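To keep things clear, I will list the structure first and then write my remarks on it.
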Amino acid sequence: MGVRVALGLALLAAAACGERGQVTFSLSPPENPLFDPLDERVTDYVLKQADGTIVALASQGPTPGDRLPLGPLAVTVEPQDLTLSIMSGAELVGMARILDVAIRSGEENRYVAPLRKPLVFVGSALPNESDPMNQLQPSQILDGTRSVDLAPQAPALPPGFAAAAVTSDGRFLLAGRPGALAVVDTGTGKTIGELPIALQPTRIIVAPRDAAALVLDGVGGAALLVRDLAGLTANPAAATATQVALGGAFPRTAAFSPDGQRAYVLGGGSSADPCTAAAPPPNPVLIIGADAQLESQWTLPSFASDLTVDPVTGTVILSQSIANQVSTLDPSSPGGPVTPTRLLAATCPSAIALSGRQIFVVTSERDGSFDNAFTLRRASLDGGTAVALPFGGPLYEVAINDTSTPDGAVNLNLQLRPEALSASELAVTPDGNRAVFAARARYKQSGQHFQLLGFDCTTELDIVEYGLYSVDARSGTSSYDVRAQLVQTPSPRTNTPCITCLDLLFQLDLFCPSLPGDRPAGLAAIFGGP
Amino acid sequence: MRSVALGLTLVLLGLMPRPTRAATPAGRRPVLAVLEYRSGARDMPNIGGRMAQLLKTHASLEVIDLAEARRRMGARLDAEVARCAGEALCTGAIGEQLGADEVLLVGVSQLGDVILALQRIEAKKGEAGARLAESLPRGANPSDQQVLGWLHQLFAPEVFRRYGSIRISSDVAGATVSLNDANKGKTPIKGALRVAAPGSYRLRLDKPGFTPFRAEIDVLPDAVVDVRASLAQRVQPLSWYKRWWVWALVGGTAAAVGAGIAIYYGTRVEEMPLGFIERPAP
């Protein structure tokens, strides 16, 4: 022992002690206080890897401006992408995504963490129904830039954007409107600029790690690829976009491979809805290479409503509405007819979205838990049973004439329930706790009979409704905002009742008026999705 | 030279700065009470008990399970937990009565499917921390792997017991190897010895006619420590200050580290860097 102590004293000074090193994450809140998560009562900061594994935790100090310790961090061989979650108790109130973080002993590294609230942006578009009497004239479209969870005094966002996506660092919203692709700084809410494009954007997709962005026009049958997203967000007007060869297909949606070098474009156009309308023909999946050229094409056995890609494995995931399943395709499958493999069964699945390793899918399945409930399904990409999250379906109310009290406080209405419901777009918050989707419901009754106060009533109606759902995946509570109710039958051009009731002496006609409006479109969740 | 090498080994092992282990209160493991609260759901019986058992096996926490909690508080425990109805301050107070630093509240309710909510609550302040909620189909019985996965999401990695390895090689065959006084066989030892980490281990190699080799080794989680033990044949010891190389070592430590015996902690000898969150000044 004496030998060791004596030598140690002499050697300590010269010993290779090694600097410990440190990694500092400097929080950078957005300029606009409406988007600032630090204004909430923050309790904890949680640092996680991309797969959700917690790396470190820090609790809020007593005063702002503190330097909060995260503790020792495990050294990493390669730089990795981390997310920093800002918690207020159990609620996620903000996030930052920090790319290429190196944790190495003996080094001092500092990273800026640009904070954002986990907002969901919602734009609007004209309904798909073609009867001009049911459509809003463009001038009648309200500034459809309602954003869920923003205060009413939200700064002006581009009016009427019908397609949107957020960059993977959450800092920019790419908002598409006819003829332009706008770039919005999500920290200030201000539009940085616009890139003029000869498209009517219906979907925008951003590749992982902002490798590229794809702008789809499902109406005109075109698409543009932007490879330099950094250039686009810095100076939108000067950005370049490449026309994508689609071989005549009308794009419906798309997703990128994990490395951003390939895009899978689902054809079939943006308006086809197999759940609430006649079954469309099978649609293709076009595989577009980094050069914006068509590499190959898969022919699906039946119509698919939506498509996404597993960011870990690169597996293509399809919502096969006609086949009543969500299924997967190996990305290495050769071109031509393909047979997807079932991931989970679902009644007419429509929109799908990923949150971490979980997939959410809107279905037209009725849930028996409570009246008029449909089902949002959630399943793990790694297998296991799908969980059903019921949510209350919409209702169309038919007023029965002259049955209300003078003050209107008591009245008698017939309630119609939809026969089917689908979603055109679905956005999920990064904690997987909230799903926001643009819904389309259809009320269809033809020649059905029922009794009403001694009258024999017959129905003849076909009504399409558009609305926006927000479902809490933890508690199952949901909120619904109806946007438009468009009567297709009877024709709005005629003064024809949708329900006719007869008894021996009298006829009672009930009418179904339209509620003109828009439809939600351009849903984009900050940090949501793969 | 062998005695030089042996001495060098002892010096380096004994005096090299040791990697810091994950910080814990001095000499005391954090105490976690696992309590269960049900709201009309019968599915997943004893899920709280299973979680407590998994934490006892896999985590570096002192766990108070339901049985122990009932023993400490008596029959009124379940009524008290039900009365709190998941409220953090109230549940934290129960944790304090049990002598826990933190409570893991396992809530089971049913809304169509079964909803399992896990919440960490700091006992003293009654403040809710990390939370996890899962919906499971009726009748589901999650596997231990699934439950452990949820616990890994709730708790930081250093909470869970982990392992490292010690790979021992020697220039002398037939030496008895012992680790913390437990016999591990004779050299050559095949493969690496798996040990709980972080942890300190006393390594000893003995063979008649040779000076015993001793080393104290700190093992980090997931680390592999290579120990190359060089045993010296017994010779008449000289006073250390008479050896010429002692004074050469004082001035030449950097050269000594780079030459001859190399001892590694993990893939490199290093300490874990510290992380910080910097908030903007008001």
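This structure is a prediction, so every number in the text was calculated from the model and none was measured. Order of the sequence lines sets the chain letters (A, B, ...), proteins ahead of strands, with each chain counted from 1. Just so it is clear, the values below take in all heavy atoms, side chains as well, and ignore hydrogens, waters and symmetry mates.
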Rounded to the nearest 0.5 Å, what's the gap from OG on A/Ser59 to CD on B/Glu127? Could you check? 8.0 Å

In Å and rounded to the nearest 0.5 Å, what is the CZ to OG distance from B/Arg279 to A/Ser28? 13.0 Å

Does any backbone or side-chain atom of [X] lie under 4.5 Å from a heavy atom of chain B? Answer side chain, backbone, both or neither.
X        : value
A/Val46  : neither
A/Ala473 : backbone
A/Leu84  : side chain

Where [X] and [Y] come nearest, the two heavy atoms and their spacing:
X        : Y        : value
A/Leu27  : B/Pro280 : O-CD, 3.8 Å
A/Ile54  : B/Gln153 : CD1-O, 2.7 Å
A/Leu57  : B/Ala156 : CD1-CB, 4.4 Å
A/Asp44  : B/Gly129 : OD2-CA, 4.4 Å
B/Pro273 : A/Ile103 : CG-CG2, 3.5 Å
A/Leu73  : B/Gly275 : CD1-CA, 3.6 Å

Side chain, backbone, both or neither: which part of [X] has an atom under 4.5 Å from a heavy atom of chain A?
X        : value
B/Gln119 : side chain
B/Ala130 : neither
B/Leu154 : backbone

For B/Glu278 and A/Arg110, run salt bridge (Lys or Arg N to Asp or Glu O under 4.0 Å): C-alpha distance rounded to whole Å, both residues' side-chain angles, the deciding distance at 0.1 Å, then the answer. CA-CA 10 Å; B/Glu278 214 168 59; A/Arg110 174 180 290 272; 2.5 Å; yes

Could you work out, with ring pair (Phe, Tyr, Trp, His ring centres under 6.0 Å) as the rule, every residue matching A/Phe374, not counting sequence neighbours? none

Could you check which of A/Gly71, A/Gly432, A/Ala56, A/Ser26 has the highest count of heavy-atom pairs closer than 4.5 Å to chain B? A/Gly71

Answer yes or no: is there a side-chain heavy-atom contact under 4.5 Å between A/Pro69 and B/Leu274? no

